[in-house]
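One-based numbering, in listed order, for ligands and for the atoms of each. Bear in mind the structure is a predicted one, so any value in this text is a computation, not a measurement.
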Amino acid sequence: MRAGVYDSGVGGLTVAKSLIEHKLFDEIVYFGDTARVPYGTKESKTIIKYSLEALELLKSFDIDIMIVACNTVSAYALEELQKNASFKIFGVIEPGVLAAVNRLKEQNSSILILGTKATIASGQYEKLLRQNGYNNLISLNPSLFVPIVEEGLFEGEVLQSTMEHYFKNIKQEPDAVILGCTHFPLISKALQNYFPKSVLIHSGDAIVEYLESKCNIKRSKNKTSLKLLASDNVKILESTANLWLKN
Ligand code: DGL
């Protein structure tokens with residue numbers, strides 16, 4: 001089975017990594033819209049327009065299924081994408097919520113949702129969590145985490161003081177932290193050190209669980225082959241993939 005994986009840029013490689021590790025597909029065609037990243041600061045109509053263009057591009061690679069790795073696209077454009085394709089398209093928000101629900105026994109558990117400005121403004125994570133009876137929610141847009149990750153500062157002073165800046169008003173450690181942005185799994189070690197008792201919800205693991213449990217997708221016997229496409233500077237995407245997909 002050939003899957004198209006779409007993200008606004010390089011960040012969705014964190015989701016591709018989980019899909020590759022679990023051998024869910026024979027082939028992944030990854031498209032990162034590196035010419036127009038970030039999406040997280042854009043208006044919904046722009047996000048939908050870019051997403052439909054990405055869909056047309058991936059259609060030309062004869063994909064059987066599409067995974068939207070980007071939380072921002074999942075929040076704003078999923079329905080529009082689904083209306084325009086004959087194959088199944090999955091986003092990361094519903095799987096993320098399901099992963100949180102599966103891991104949290106108590107409905108009064110506290111959940112910290114981290115995402116881009118647009119994802120947080122959409123209220124999509126909150127809406128689905130509330131529908132599942134979880135109301136003890138805090139949403140935050142720690143926008144500086146994105147450039148910090150892109151600089152490769154996965155640990156150290158800069159990240160530590162940025163976490164202190166964003167989390168200063170969080171008085172009690174949350175029971176779960178939703179990493180609602182493709183970049184955040186790369187700093188999960190630092191976030192886990194900051195919130196040692198919290199369960200971290202990673203979109204990549206969540207979509208693997210979701211596809212296996214809800215969509216009956218079986219693991220392939222073969223190693224997944226990966227084709228990388230970018231709207232600008234595919235070399236950067238390739239070198240990021242070499243770095244991030246390694247460990
Ligand atoms: N891929 C985006 C997300 O997961 C983060 C980067 C961006 O703002 O485009 O929401």
Side-chain angles (χ1 to χ4, degrees), residues 4-19 28 30-55 58 66-78 80-81 89-97 99-100 112-128 139-154 162 166 177-188 191 200-208 210 228-233 236-237 240-241 244-245:
V5 175
Y6 164 47
D7 183 48
S8 55
V10 298
L13 289 168
T14 57
V15 172
K17 183 176 182 175
S18 302
L19 297 170
I28 288 179
Y30 180 97
F31 172 59
D33 194 3
T34 47
R36 306 192 285 199
V37 69
Y39 283 15
T41 50
K42 298 199 164 59
E43 277 189 83
S44 63
K45 65 171 190 302
T46 311
I47 298 164
I48 293 171
K49 176 176 175 284
Y50 291 173
S51 302
L52 290 172
E53 287 168 13
L55 172 63
L58 286 169
M66 178 169 166
I67 309 294
V68 175
C70 181
N71 286 264
T72 307
V73 173
S74 302
Y76 288 94
L78 192 61
E80 206 56 44
L81 288 170
I89 304 185
F90 297 96
V92 283
I93 295 185
E94 202 186 319
V97 168
L112 172 63
I113 303 151
L114 303 178
T116 63
K117 187 166 169 251
T119 299
I120 297 303
S122 77
Q124 286 295 326
Y125 273 110
E126 292 85 339
K127 188 175 130 200
L128 286 183
S139 299
L140 261 185
N141 158 227
S143 43
L144 287 174
F145 286 172
V146 174
I148 285 175
V149 166
E150 299 218 340
E151 280 294 309
L153 301 173
F154 304 150
T162 309
Y166 284 117
V177 180
I178 294 187
L179 308 178
C181 170
T182 46
H183 287 59
F184 300 168
L186 287 148
I187 51 167
S188 56
L191 289 167
L200 302 189
I201 308 293
H202 177 314
S203 299
D205 298 339
I207 188 93
V208 168
Y210 189 87
L228 295 171
L229 309 169
S231 49
D232 185 51
N233 213 332
I236 291 186
L237 180 65
T240 310
W244 290 4
L245 299 183

Give the numbers and elements of all ligand 1 atoms closer than 4.0 Å to a heavy atom of [X].
| X | answer |
| --- | --- |
| Thr72 | 3 (C), 10 (O) |
| Thr116 | 5 (C), 8 (O), 10 (O) |
| Asp7 | 1 (N) |
| Ser8 | 1 (N), 2 (C), 6 (C), 7 (C), 9 (O) |
| Val37 | 9 (O) |
| Cys181 | 4 (O), 5 (C) |

Would Tyr39 count as being in polar contact with ligand 1, using the rule that some N or O on each side must be under 3.5 angstrom apart? yes
Would you say ligand 1 has an N or O under 3.5 Å from any N or O of Thr182? yes
If every non-hydrogen atom of Tyr125 is compared with every non-hydrogen atom of Gly180, which pair is closest and at what distance? OH-CA, 3.9 Å
Please give me the minimum heavy-atom distance between Trp244 and Gly11, naming the atom from each residue. CZ3-CA, 3.8 Å
Val146 side chain reached by Cys181 side chain, heavy atoms, under 4.5 Å: yes
Does Ser231 reach the side chain of Phe31, with side-chain heavy atoms less than 4.5 Å apart? yes
Determine whether Tyr166 and Leu144 satisfy the following criterion, side-chain contact (heavy atoms from CB on, under 4.5 Å), listing intermediate values before the conclusion. CA-CA 9 Å; Tyr166 284 117; Leu144 287 174; 3.3 Å; yes
Between Thr34 and Asp232: side-chain donor-acceptor atoms closer than 3.5 Å: no
What do you reckon, are the aromatic ring centroids of Tyr76 and Tyr39 less than 6.0 Å apart? no
Within the 4.0 Å heavy-atom cut-off, what Asn71 brings close to ligand 1 is both
Shortest protein heavy-atom distance from atom 8 (O) of ligand 1, along with the residue and atom involved: Gly40 N, 2.9 Å
